[in-house]
Amino acid sequence: MRDRRVGLLWAAFAAVALVSAVLVMRREDRLSDLHIYYGALTDLRAGRPLYAYVAENGGPFTYPPFAALVLGPITLVPEPVLQIAWLLATVAAVVALAVPVGAAVARTPSRRHTAVVVVALVLMLSAPVQSNLRFGQVSIFVVLLALLDGMEVVPPRLRGVLVGVASAVKLTPLLFVVYFVVAGRYRDAARAAGTFLACAGLAAVVLPGESWTYWTGTVLATDRIGNLASLGNQSLHGMLLRVGVDEASLPLLWAGLVAVICGVALLRARRLAAQGCPGHAAVLVGCATVVASPVSWTHHQVWPVLAAMLLIGASGVARRVAGVALSAAMVVSLGAALSAVSTRPGVQFLFENARALGVAALCLTGFGGVAVATARARRPRPAGRAWLRVGVAATAAVAFFAVQPLPAGADPTFKAYALEDVTNPRYFFVCRSATECAAYATGAPVTFGTRTEKTKVRVNGVVSARVTRLEYYSAPGGAPRVIPLLSPYAGPRVFSFRAATMAHGRLVAYDAGGHPIAVVDDELAAAFG
C-alpha cells in the first residue's frame, strides 16, 4: 500500500514537472536568464567584454568570471536544445535536493521514501523552483552544492570543496565558510576558502580583463541587478528599502541587523549540528544567506522551502504550524492572494513581506532552538493548549501589524497614472474636458477629489499654473513619490494616483524655484477617514 502511495506521489511530481516545463516553453520570454548567460558567453567567445553585454530585456551578466568558465560549454549547443536540457537538469536538481532533506524529515527509515517525494513535490510547486524553471536560473544548482557540503554528504576529504565552487559561481554561499569555522570544521573552512580563491584565480588567468572589471567595480554595482526595493527582493535589505529607511541610515542599520540575525543563526546552526542534525544546520545557514544578501529574488529562496519541510517534520504543534505557514508563503504570493482581505496597510505589508519576515524569524529561532524531531521520550502536552498558544501568537502578530501605520515608501498599492490613463473614468473622475477642468479649478495650487475603495484610495485633481512639481509622501520620514502633471486638455493640468491609505499622506506642491507653495495633509486624512 505504501509503495503504491509513493508511486502515485512520484506520478504527481512528474505531472507537475511536465506541465511546468510545457508552460515555460510556451512563454515568449522563456528562460530569459539562461538567454542572458548564452548571449553574454557567445559575445565573450567572439572577443567582446562579458560585462558589457545587455540582453534584449535589458538584463546584463551579473555573476563572477568563474561562472563564465563553468557555463562556457552551454554555447556549444543550439539555444533551443539548451533550454530543454536546462529544464531537465533543474528537475533533476529538485530531486537531488529532496533526497537528503527528505531523509532528515522522515522520523523512521520506513517513511523515508514518502518524505523524499513529498519534499520534491512541494519544491516543484513552490515559487522559487517555478522561478528557476521560468528564468532558467543557476540558483538551484548553487543551493544543491552548498546543501550537500553543509550536510556532510560528501566524503570527509572533499568537504568544503563544493561550497568553494558554489561561492565562486555566486558569492552568497561564502557564509558557509564562516559557519564551518563557528562549528569547528576548520579543515572544511580552509578547503572551502582555498577552493574559492583557486577558482577566482583560475578565472583571473583565463579571463584577466573580465576579472579586473568584476572585482574592481561590477561586484558592488547592485543597480545592475534591478530595482532592489521591489517586492520580488525578499531580503532584509529589500524590506528596509520598502520601509523607507533613508540612504544615510540604511547601510549601518542593515549591517547591524544582518550581523545579529546571521550571528544568532550561525550559533543555532552549530548547536543543531552538535545535536546530530547537520541537515537542519545547513538549511538554517542557507536561510541566513537569503536574509543577509542585498538581493534575494524569488529564485534565490529555495532554502526557506527546505526549512518549511523540516519544520513540518519536527515535533510540536507550533513548529508544524510555522512550517505550513512558511510553506504557504513560499508557494503563493500572499500579498497578491490576500490583498482583498488585507484592508489595513500594516497587514498588507505583513503579507507582502511574509517571506522576508518568515526567514528572519527562522534564523532567530533556529527551528525552535534544537527542538527538532528526535527519539527522546517526552512527557506529552495537551494538544489543546498547544493550539491555543499558536492561535494567540498568530493573532497577536496580525494585530501588531494591523495597528501599524503604513511604513514610509512601503505602499504596495501605490500607482501614479500617466497620460495614456486619462481616458479611464476610474482613474480620472473630477473633470473630463478642458471646460470641466477649468470650472473645477479653484485657483488654489492643488484642487482634488477622492474615491475610497476597499483596499485603496484614489486621488484625482488639478493644479494651478504656479505648480511645477507635485510630490506625495505616504508616511513620515519616507522618500517622496513624484506625481506626474498631465496636460490632456488646454488649461489646468491634471493628476491622478492611488494609495492604500491617506491617514499619513501628504501632498506637497512646488513652484519653478523649487519652493513649496502648498502642503495638503489634513484633507487627505479626512478623505481616508
- Query: Would you call Glu28 and Arg30 a salt bridge, taking side-chain N to carboxylate O under 4.0 Å as the test?
  - Reply: no
- Rounded to the nearest 0.5 Å, how far does OH of Tyr489 lie from OG of Ser433? 7.0 Å
- Message: Using the rule given for side chain to side chain donor-acceptor pair (under 3.5 Å), can you reason through Thr447 versus Thr442, listing the C-alpha separation, both sets of side-chain angles and the distance that settles it, and then say yes or no?
- Response: CA-CA 7 Å; Thr447 307; Thr442 62; 2.9 Å; yes
- Compare every heavy atom of Gln301 with every heavy atom of Gly232, then report the nearest pair and how far apart it is. O-NE2, 3.8 Å
- Should the pair Tyr179 and Phe176 be assigned to parallel (<30°), tilted (30 to 60°) or perpendicular (>60°) ring geometry? perpendicular
- Could you pull out the closest heavy-atom pair between Ala127 and Arg355, with the gap in Å? CB-NH2, 3.4 Å
- In terms of ring plane angle, is the pair His237 and Trp254 parallel, tilted or perpendicular, where the classes change at 30° and 60°? perpendicular
- Task: Please lay out, stage by stage, how Thr289 and Trp303 fare under the test side-chain contact (heavy atoms from CB on, under 4.5 Å).
- Result: CA-CA 9 Å; Thr289 68; Trp303 292 109; 4.0 Å; yes
- Task: Determine whether the side chains of Thr75 and Arg45 contain a donor N or O and an acceptor N or O closer than 3.5 Å.
- Result: yes
- Item | Partner residues of Cys431 under the disulfide bond (SG atoms under 2.5 Å apart) criterion, sequence neighbours left out | Cys437
- Query: Arg319 versus Leu310: any side-chain heavy-atom pair under 4.5 Å?
  - Reply: no
- Message: On a heavy-atom basis, which atom in Leu362 and which in Leu284 lie closest, and how many Å separate them?
- Response: O-CD1, 3.6 Å
- Note on the structure: Output for pair (Leu144 CG, Ser139 OG), nearest 0.5 Å, gives 12.5 Å
- Message: Enumerate the ring-ring contact (aromatic ring centres under 6.0 Å, His included) contacts for residues 416-436, please, sequence neighbours excluded, ordered by first and then second residue.
- Response: Tyr417-Tyr427
- Query: Is there a side-chain contact between Val519 and Tyr473 (heavy atoms, below 4.5 Å)?
  - Reply: no
- Message: Distance check, rounded to the nearest 0.5 Å: Asn132 atom CG versus Met124 atom CE?
- Response: 10.0 Å
- Arg506 bridged to Asp521 by N-O distance under 4.0 Å: no
- Note on the structure: Distance col, row Leu82:CG vs Leu71:CG, nearest 0.5 angstrom, shows 9.5 Å
- For the student: nearest non-hydrogen atoms of Pro484 and Ala416, plus distance: CD-CB, 3.6 Å
- Query: So, does Tyr510 use its side chain to make a donor-acceptor pair with the main chain of Ala518 at under 3.5 Å?
  - Reply: no
- Query: Would you call Arg134-Asp29 a salt bridge at under 4.0 Å N-O?
  - Reply: yes
- Given the side-chain rings of Trp86 and Phe135, with only the six-membered ring counted for Trp, is the space between their centroids under 6.0 Å? no
- Output the distance between atom CE (Met309) and atom OG (Ser126), rounded to the nearest 0.5 Å. 9.0 Å
- Task: Please report the shortest heavy-atom distance between Tyr63 and Tyr51, naming the atom on each side.
- Result: O-OH, 2.6 Å
- Message: Between Glu471 and Arg481, does the salt bridge (charged side-chain N to carboxylate O under 4.0 Å, His left out) criterion hold? Intermediate values first, please.
- Response: CA-CA 5 Å; Glu471 293 181 345; Arg481 319 262 194 163; over 6 Å; no
- Any side-chain heavy atom of Pro128 within less than 4.5 Å of one from His299? no
- Is Ile36 close to Ser32 at the side-chain level, that is, under 4.5 Å between some pair of heavy atoms? no
- Query: So do Ser235 and Val291 actually touch side chain to side chain, heavy atoms under 4.5 Å?
  - Reply: no
- Out of Val295, Asn353, Leu357, which one pairs with Gln234 under the side chain to side chain contact (heavy atoms under 4.5 Å, CB included) rule? Asn353
- Hey, does the side chain of Ser296 reach the backbone of Val290 with a donor-acceptor pair shorter than 3.5 angstrom? yes
- Message: Closer than 3.5 angstrom, by distance alone: can the side chain of Arg432 be matched with the main-chain N or O of Val422 as a donor-acceptor pair?
- Response: no
- Query: Quick one: does Phe141's side chain get under 4.5 Å of Val169's, heavy atoms only?
  - Reply: no
- Query: Would you say the side chains of Gln83 and Tyr38 form a donor-acceptor pair under 3.5 Å?
  - Reply: no
- Note on the structure: Nearest heavy-atom approach of Phe196 to Leu171 is CE1-CD2, 4.0 Å
- Query: With a cut-off of 6.0 Å (strictly less than), are more than 12 heavy atoms of other residues, nucleotides or ligands near CZ of Arg466?
  - Reply: no
- Within a strict 4.5 Å, meaning less than it, do heavy atoms of the Tyr53 and Thr42 side chains meet? no
- Quick one: pull up CG in Leu34 and CD1 in Ile74 and give me the separation to the nearest 0.5 Å. 5.5 Å
